[in-house]
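Down below is the structure, laid out as C-alpha cells.
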Amino acid sequence: MNAFLLALRSSFGFLSTIPVGITMEGLDEFFKRTYLHLVVGLVLGLLMGAVAYILISFLPISISAVLIIAFVYYITGLNHLDGIADLGDGLTAHGSVEKKLKALKDMSLGIGGVAYAALVIIAFYASLTSLYGEASALYTTTAEVAGIFFFAMFVSEVSAMQSMLTIAAFGKPIHEGLGSILINNTTVSKYLIGFVIGSIACLGASFYFGLGITGIFAFIAAIVATFVLLNVSNRHFGGVNGDVIGASNEIGRIIALISITLTLMYGGIV
C-alpha cells in the first residue's frame with residue numbers, strides 16, 4: 001500500500017474508533033506525517049456537524065446536547081477524556097514533581113481525575129446549551145440554528161486536533177511512549193502544515209455559513225489555551241506526555257465552542 005495512504009488509514013485508527021485497522025508499520029508512517037491530525041479532524045468534524053444538525057433539527061436542546069456529546073465520545077473514544085482524568089490526578093497531587101508524575105502515570109483514578117473529567121463534560125454540555133441560546137437569539141429558523149451547530153462542531157473538532165499538534169510540536173516528553181514518539185516526530189514544519197490546513201478549513205466554514213472570521217477566532221483561541229496548558233504541564237511535571245496531549249484535545253474543543261458562543265453573544269456575526 002502507498003505509504004501516504006497507509007499513514008492516512010492509520011491516522012483514523014489511532015485518533016478515532018472508525019474500524020479501519022492499524023499496524024505498527026502504519027503508525028510509523030502516520031508519525032512521519034503528524035499533520036494528518038488535521039485531516040482526521042476535518043472528517044470527524046463533518047460527521048459530528050452532521051449529527052448535531054440532525055439532532056438540533058428534531059429534538060430539544062437538552063436532549064440534543066447529551067446525544068451530541070455521546071456521539072463525540074463514540075466516534076473518538078475515551079482516550080482523550082482519560083488524559084484529562086490522569087492530568088487531574090497529577091495536578092492535584094501534593095508534593096514534589098516526582099509525586100505529581102507518579103499520580104499522572106498511575107493507572108488508578110483519584111478524586112482529582114474524577115473532578116477534572118466531570119468538569120470537562122459539564123463544560124461541554126454548558127457550551128452546547130449556551131450556543132443554542134445565542135444562535136436562537138440571532139436566527140429565526142430551526143434550520144439556521146442547526147447550521148450554526150454544524151459549523152461549531154466542525155470548527156471545534158478541527159481546533160481540538162490542532163491543539164494536540166501544538167502540544168506535540170512545542171512540548172518536551174517526560175518519558176518514553178506513544179506520546180514521546182508523537183512529540184519527537186512533530187517538527188515545526190509539520191505543525192505549520194497542520195495550522196494552514198486548519199486555518200483554511202475554519203475560515204472556509206465561516207464564510208460558507210456567513211459567519212465572517214468566527215471560525216478563525218475559535219481556532220486561535222484553542223491554540224492559545226493549549227499553550228496555557230503546556231505552561232501548566234511544564235511547571236508541574238517538567239514536560240508533557242500522552243495524557244497531556246489527550247487532555248489538550250478536550251480542552252481545545254471546549255474552548256473553541258465557548259469562543260464561538262461568545263462571538264455570537266457579543267459580536268453577532270464577526
Side-chain angles (χ1 to χ4, degrees), residues 16-17 41 44-89 91-92 109 111-139 142 144-164 205 209 211 214-215 217-219 221-222 224-226 228-229 243 246-266:
S16 76
T17 59
L44 296 185
L46 289 172
L47 291 174
M48 293 174 189
V51 168
Y53 184 95
I54 293 170
L55 291 172
I56 293 298
S57 296
F58 297 102
L59 295 174
I61 180 55
S62 56
I63 298 175
S64 296
V66 171
L67 293 178
I68 289 170
I69 294 171
F71 179 76
V72 167
Y73 289 128
Y74 172 76
I75 199 69
T76 63
L78 297 175
N79 288 336
H80 302 148
L81 190 62
D82 179 68
I84 279 284
D86 289 338
L87 177 66
D89 281 336
L91 292 179
T92 55
L109 181 62
I111 186 61
V114 172
Y116 272 59
L119 284 172
V120 163
I121 294 174
I122 292 170
F124 198 170
Y125 178 86
S127 62
L128 291 174
T129 55
S130 297
L131 177 62
Y132 183 84
E134 297 306 321
S136 297
L138 289 173
Y139 298 94
T142 300
E144 288 174 322
V145 174
I148 293 298
F149 269 78
F150 187 109
F151 164 80
M153 293 308 302
F154 174 77
V155 169
S156 65
E157 189 58 23
V158 172
S159 301
M161 289 297 176
Q162 186 65 26
S163 292
M164 295 178 71
F209 285 96
L211 293 172
T214 301
F217 283 167
F219 187 69
V224 171
T226 304
V228 173
L229 173 62
D243 292 319
S248 70
N249 179 277
E250 297 292 330
I251 293 172
R253 181 187 295 117
I254 291 170
I255 292 298
L257 286 172
I258 292 173
S259 176
I260 292 169
T261 301
L262 294 179
T263 301
L264 293 179
M265 181 178 182
Y266 291 109

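A quick note: this is a predicted structure, and the numbers were derived from the prediction, not measured. One is the number of the first residue; the rest follow in order along the sequence.
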- Item | Any L257 side-chain heavy atom under 4.5 Å of M153 side chain | yes
- Message: Just to verify, what does F154 make a ring-ring contact (aromatic ring centres under 6.0 Å, His included) with, not counting sequence neighbours?
- Response: none
- Item | Spacing of CG belonging to L67 relative to CD1 belonging to I63, to within rounding of 0.5 Å | 7.5 Å
Only distances under 3.5 Å count here; give the side-chain donor-acceptor pairs of residues 71-83 to other protein atoms, sequence neighbours excluded, each with its distance to 0.1 Å.
residue: Y73; atom: OH; partner: E250; partner atom: OE1; Å: 2.8
residue: T76; atom: OG1; partner: V72; partner atom: O; Å: 2.6
residue: H80; atom: ND1; partner: N249; partner atom: OD1; Å: 3.2

- List in chain and number order the residues that pass side-chain contact (heavy atoms from CB on, under 4.5 Å) with S248, two or more places apart in sequence or in another chain; answer none if no residue qualifies. S163, M164, I167, T226, L229
Under 3.5 Å, sequence neighbours excluded: what are the donor-acceptor pairs made by side chains of residues 52-62?
residue: S57; atom: OG; partner: Y53; partner atom: O; Å: 2.6

- Message: If you apply the rule side chain to side chain contact (heavy atoms under 4.5 Å, CB included), what do you find for M161 with L44, and how did you get there?
- Response: CA-CA 10 Å; M161 289 297 176; L44 296 185; 4.0 Å; yes
Sequence neighbours excluded and cut-off under 3.5 Å, please list the side-chain donor-acceptor pairs for residues 114-136, or say none.
residue: S127; atom: OG; partner: A123; partner atom: O; Å: 3.1
residue: S127; atom: OG; partner: F124; partner atom: O; Å: 2.7
residue: T129; atom: OG1; partner: Y125; partner atom: O; Å: 3.2
residue: T129; atom: OG1; partner: A126; partner atom: O; Å: 3.0
residue: S130; atom: OG; partner: A126; partner atom: O; Å: 2.8
residue: S136; atom: OG; partner: Y132; partner atom: O; Å: 2.8

- Okay, side chain of D89, backbone of G113: is any donor-acceptor separation there less than 3.5 Å? yes
- Inter- and intrachain pairs under salt bridge (charged side-chain N to carboxylate O under 4.0 Å, His left out), touching residues 60-79, at least two apart: none
- Any chance you could measure I260, atom CD1, to S156, atom OG, to the nearest 0.5 Å? 6.5 Å
- Item | S159 versus G252, closest heavy-atom pair with distance | CB-O, 4.4 Å
- Item | Check against side chain to side chain contact (heavy atoms under 4.5 Å, CB included), T214 and L264 | CA-CA 9 Å; T214 301; L264 293 179; 5.5 Å; no
- Query: Hey, what do you get for CD1 (I84) to CD1 (I254), rounding to the nearest 0.5 Å?
  - Reply: 7.0 Å
